[in-house]
Amino acid sequence: MTGFSGPALIVGVVAALAAFLLWLLTYHGPWVVRTVKLWLFTTDHKRIGLMYIVTGIVFFFIGGIYATLIRTDLGFVQGLGLDPQTTLGITPEVYSVLFTMHGVLMVFMFIIPVLAGFGNYLVPSMIGSKEMALPRINAIAFWVIPPAGVILILSNANAGWTGYVPLSVQAPGNGIDLWILGLHILTVSSMLSSVNFLVTILKHRAPGVHYWNMPLFVWAMLINSVLLIFALPSLSIGLTMILSDRLLGTHLLAAANGTPLGGALLYQNVFWFFAHPEVYIMVLPAFGIVSTIIPKLARKDIFGYGAMAIALGVFAVLSFAVWEHHMFVTGISTNIRFVFMLATMAVAVPSAVKTFNWVATLWGGRIWMALPMWFCFAFITGFVIGGLSGVFLASIPVDYLYHGTYFVVAHFHYVILGGTLMAVFAGVYFYFPVITRRWYNQRLGQIHFVLTYVGVNVLLFPMFILGAEGMPRRVYTYLWAGNYQALNFISTIGAYILGIGQLVFAFNMVYSYYAGAPVTAPDPWGEELAVKMTGPIAAPRPLRVPTPVPTATPAELP
């Protein structure tokens, strides 16, 4: 296969890391040995949480490279009338690899590990526990993730991140087999982590920390763990069926019941029974992060704590009752489609409860417009756009028009990029001064926010129009019809703006870790500071600053 490939990327990254490690060993050998031992064998939940977050961000950049190549092909190369095969070396097979690897790495190697990292770092402290219930299992759950990521990239799988049959069964070579191996390893990691979170939250709360005074982030991680435990076996079953058909010659999916269609529908049901709860798994901890930051920086208790906790639970229950809306166009019974349409529309109710409660928390607050709050606002707007477009797709007639088009791509990515990604950045900027005791560069942070927010919207909103005009998703090339070229060109500009913003973010984090202004207050967010990002501080008003919800004393953060 010519053109871009995962192994080439791996070789380049490994070569760069080897050169850097050689330089470190040459000039700082003893320090390197001590540091490697400290982090390699640690069972401390905070260190493990940080390794989760850093690993996820590394794979975020790798997955972003795949996405940038996809957008370059569709927007710049074909948008200007050039041939991607002669310009970039992107053949249909290479494009399929790019599409598959981008989806798999972003979902399984970025979002899930980063959110698990926040959970590892924060949950024990929030419930007054000194450590996770199973520290060694916690370490094992993390250390199997980097090898799984390498296996996924080396697989160069080309069946899409969904692995639909018959393509995944019939694909030649060992790429799909390696892809399945990597996902199985990640499944084991997530199951171990979920059991650990459940035991920690249920059995290791300090005296005085009850279910109805736990921080909402702890609620989100508790419900998230339950979702993973019930959803992941379905993914393992589907992947094992594919592997059995490929290696053992069975016909569990291939030509099931004598027709290929039967196997395709069976796999879709098994896969989406996992994958739609997975979408909520990628959002629930983000809800918890935002629900932690907004009250703190608005100087108010969260509005409607009980309703928020119940909404998280309802959100989780409904996530298992909507998977069939991915299959509205497959010819299933109208009665079944109607039930799943209603269940899908019902998801809007807990989503609206949380959104209105966040806004109500802000209302009347003494808001500190710090950088984390900027990203919380971005999260709310992105999640609202993604959610409302999901209500459109829940309607069966509308889904018939937009299914398999770029409208679906825009909807999903607004939830993940416009929602979860913004919450992740809010969490990083909120906890960076807490963890490192240094402030990040405020100006660079503002530039990162502007580039990210503008880039996400310029990247994704044209896709709504592309989908409405009928451009199919997952296509290597497209006809010169309508506004396809112009809209793809604009979307690709947004992708580059977004990418440049992430380079600013990476530089800011590394630079500020070593040279950032020191944090002088015990709580960096305890009061408004006279720093440039806030502007002139208004005259203080008498307003009660809420105490932490748990009555127990949490473990001190470093």
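Summarising the geometry, atom OG belonging to Ser491 is positioned 7.0 Å from atom CG belonging to Leu466; distances are rounded to the nearest 0.5 Å. The CD1 atom of Ile242 lies 5.0 Å from the CD1 atom of Ile180; values are rounded to the nearest 0.5 Å. Between atom CE of residue Met101 and atom CG of residue Leu152 there is a gap of 6.0 Å, rounded to the nearest 0.5 Å. The CE atom of Met463 sits 12.0 Å away from the CD1 atom of Ile490 when rounded to the nearest 0.5 Å. The CG atom of Leu498 lies 8.5 Å from the CG atom of Leu460; values are rounded to the nearest 0.5 Å. To the nearest 0.5 Å, the span separating CE on Met51 from CD1 on Ile145 amounts to 10.5 Å.
Screening residues 456-473 for side chain to side chain donor-acceptor pair (under 3.5 Å), with sequence neighbours left out, gives Tyr414-Asn457, Glu469-Asn483. Applying the side chain to side chain donor-acceptor pair (under 3.5 Å) test to pairs two or more places apart or on separate chains, those with a residue in residues 496-506 are Thr72-Tyr496, His448-Gln502, Thr452-Gln502. Within the structure, side chain to side chain donor-acceptor pair (under 3.5 Å) pairs that include any residue of residues 219-231 comprise Trp219-Tyr305 (at least two apart or interchain). The side chain to side chain donor-acceptor pair (under 3.5 Å) analysis of residues 375-391, with sequence neighbours excluded, yields the pairs Thr381-Tyr453, Ser389-His411. The salt bridge (charged side-chain N to carboxylate O under 4.0 Å, His left out) pairs that include a residue from residues 171-187 are Asp177-Arg246, where partners are two or more places apart or lie in different chains. The stretch residues 410-422 participates, sequence neighbours left out, in no salt bridge (charged side-chain N to carboxylate O under 4.0 Å, His left out) pair at all.
Contacts of Tyr478 classified as ring-ring contact (aromatic ring centres under 6.0 Å, His included), with partners at least two apart in sequence or in another chain: none. A search for side chain to side chain donor-acceptor pair (under 3.5 Å) contacts involving Ser333 returns nothing, not counting sequence neighbours. Partners of Tyr484 under the side chain to side chain donor-acceptor pair (under 3.5 Å) rule, at least two apart in sequence or in another chain, do not exist in this structure. Phe383 is linked by a ring-ring contact (aromatic ring centres under 6.0 Å, His included) to Phe287, Phe379, counting only residues two or more places apart in sequence or in another chain. Residues meeting the ring-ring contact (aromatic ring centres under 6.0 Å, His included) test with Tyr476, sequence neighbours left out: none.
Taking the side chain as every heavy atom from C-beta outward, Ile385 and Phe464 approach each other to under 4.5 Å. For the pair Asn488/Gln78, no side-chain contact is recorded, criterion being any heavy-atom separation below 4.5 Å from C-beta on. Counting heavy atoms from C-beta outward, Leu88 and Tyr95 have side chains that stay 4.5 Å or more apart. Between Leu186 and Met109 there is a side-chain heavy-atom pair separated by less than 4.5 Å. Residues Tyr429 and Phe505 are in side-chain contact: their nearest non-hydrogen atoms beyond the backbone lie under 4.5 Å apart. Residues Phe110 and Leu421 are in side-chain contact: their nearest non-hydrogen atoms beyond the backbone lie under 4.5 Å apart. Counting heavy atoms from C-beta outward, Leu192 and Val188 have side chains that approach closer than 4.5 Å. When side chains are defined from C-beta on, Leu401 does not count as touching Phe407, because their heavy atoms never get closer than 4.5 Å.
Using modelled atom types, one side-chain atom of Ser168 and one backbone atom of Gly163 make a donor-acceptor pair closer than 3.5 Å. Asn508 places no side-chain N or O within 3.5 Å of a backbone atom of Leu444 that could act as its donor or acceptor partner. When atom types are taken as modelled, the side chain of Asp73 and the backbone of Leu69 share no donor-acceptor pair closer than 3.5 angstrom. Panel note: side chain Thr187, backbone Ser236; no donor-acceptor pair is recorded below 3.5 Å. Remark: the backbone N or O of Leu228 is not paired with any side-chain donor or acceptor of Ser194 at under 3.5 angstrom. A donor-acceptor pair is defined here as one N or O able to donate and one able to accept, closer than 3.5 Å; such a pair exists between the side chain of Ser234 and the backbone of Val270. Between the side chain of His413 and the main chain of Val409, a donor-acceptor pair closer than 3.5 Å is present. Proximity of a side-chain donor or acceptor of Asn156 to a complementary backbone N or O of Gly175 within less than 3.5 Å is not detected.
Here the closest non-hydrogen pair linking Leu115 and Ala286 is CD2-N, 4.3 Å. Scanning all heavy atoms of the two residues, the minimum distance from Leu284 to Ala220 falls at O-CB, 3.4 Å. Between Glu324 and Ile336, the shortest heavy-atom distance links the atoms CG-CG2, 4.2 Å. Minimum heavy-atom separation, Gly56 to Pro113: CA-CB, 4.4 Å. Taking each heavy atom of Val144 and Ser189 in turn, the nearest pair found is CG2-CB, 3.5 Å. Shortest non-hydrogen contact noted between Leu227 and Ala316 is CD2-O, 3.6 Å.
Side-chain polar atoms of Thr334 and Arg337 form a donor-acceptor pair below 3.5 angstrom.
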Legend entry - Stepwise side-chain contact (heavy atoms from CB on, under 4.5 Å) test for Leu312 and Lys354: CA-CA 8 Å; Leu312 290 172; Lys354 290 189 291 293; 3.9 Å; yes
Inset, instruction - Report the C-alpha distance between Thr162 and Trp272 in whole Å, list the side-chain angles of each, state the deciding distance to 0.1 Å, and finish with yes or no for side-chain contact (heavy atoms from CB on, under 4.5 Å). - result: CA-CA 9 Å; Thr162 57; Trp272 286 114; 4.1 Å; yes
Inset, instruction - Apply side-chain contact (heavy atoms from CB on, under 4.5 Å) to Val428 and Met509, showing your working. - result: CA-CA 9 Å; Val428 169; Met509 292 296 100; 3.8 Å; yes
Inset, instruction - Give the C-alpha distance, both sets of side-chain angles, the deciding distance and a yes or no for side-chain contact (heavy atoms from CB on, under 4.5 Å) between Leu183 and Val104. - result: CA-CA 9 Å; Leu183 291 180; Val104 170; 4.3 Å; yes
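In this structure, the ring of Phe449 has its center less than 6.0 angstrom from the ring center of Phe375.
None of Tyr66, Phe271, Trp179 except one satisfies the ring-ring contact (aromatic ring centres under 6.0 Å, His included) rule with Trp161; the exception is Phe271. Screening Ile289, Thr292, Val290 against Cys376 for a side-chain contact (heavy atoms from CB on, under 4.5 Å) leaves a single residue, Val290.
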Could you pull out every donor-acceptor pair under 3.5 Å between side chains of residues 341-352 and any protein atom, sequence neighbours left out?
unit_1 : atom_1 : unit_2 : atom_2 : d
Thr344 : OG1    : His325 : ND1    : 2.9
Thr344 : OG1    : Phe340 : O      : 2.7
Ser351 : OG     : Val347 : O      : 3.0

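Ring geometry for Phe142 against Tyr52 counts as perpendicular: the plane angle is over 60°, on a 0 to 90° scale with 30° as the lower cut.
The number of heavy-atom neighbours closer than 6.0 Å to CZ of Phe61, taken from other residues, nucleotides and ligands shown, is above 12.
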